[in-house]
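Numbering starts at 1 and runs along the sequence shown. FYI, side chains are in, hydrogens and waters are out, and symmetry mates aren't considered; it's all heavy atoms of this structure.
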Amino acid sequence: MKVIPAAALLLLVLVATASLQALAVAADSSGAVPDGVCDGKCRSRCSLKKAGRCMGLCLMCCGKCQGCVPSGPYASKDECPCYRDMKSPESQRPKCP
């Protein structure tokens with residue numbers, strides 16, 4: 001019988017734990033986004049704009065789109081169809097920055 005080195009065993013346990021955590025998040029039926037996810041993504045998205053209005057709209061859109069926000073200030077909204085397709089009810093203009 002071969003003995004598995006402690007480092008390999010630890011790595012195996014960490015990978016298994018991460019996989020189970022990912023499954024738990026995917027199985028969460030509430031669709032809630034973990035704290036801080038939208039904040040970090042929206043800071044990146046709004047980094048070249050006046051933070052107040054951009055951050056407020058981005059955080060709202062991020063929450064409604066289960067944490068999907070385009071990856072940077074110049075990233076295409078096509079990365080997140082929900083984010084891209086959200087419109088302002090009055091003017092039908094894009095709601096998300």
Can you tell me how far apart CE (M86) and CG (L57) are? Round to the nearest 0.5 Å. 10.5 Å
C68 side, atom SG; E79 side, atom CD - distance, nearest 0.5 Å: 7.5 Å
About how many Å separate CG of D39 and OG of S44, when rounded to the nearest 0.5 Å? 11.5 Å
Taking C62's backbone N and O only, do any of them form a donor-acceptor pair with K41's side chain (distance below 3.5 Å, no angle check)? no
If I compare all heavy atoms of R45 with all of A75, which pair ends up nearest, and what's the gap? NH1-O, 2.9 Å
Single hit among C58, C42, P70 for side-chain contact (heavy atoms from CB on, under 4.5 Å) with P97: C58
Let's test your reading of the model: do C46 and C54 have SG atoms under 2.5 angstrom apart? yes
Rounded distance [0.5 Å steps], CZ in R84 versus NZ in K77: 10.0 Å
Please report the interatomic distance NZ(K95) to NZ(K87), rounded to the nearest 0.5 Å. 12.0 Å
State whether the side chain of Q92 and the backbone N or O of P89 hold a donor-acceptor pair below 3.5 Å, judged by distance alone. yes
Would you tell me whether C61 and C82 have their SG atoms within less than 2.5 Å of each other? no
Identify, with sequence neighbours excluded, every residue that meets side chain to side chain contact (heavy atoms under 4.5 Å, CB included) alongside S47. P73
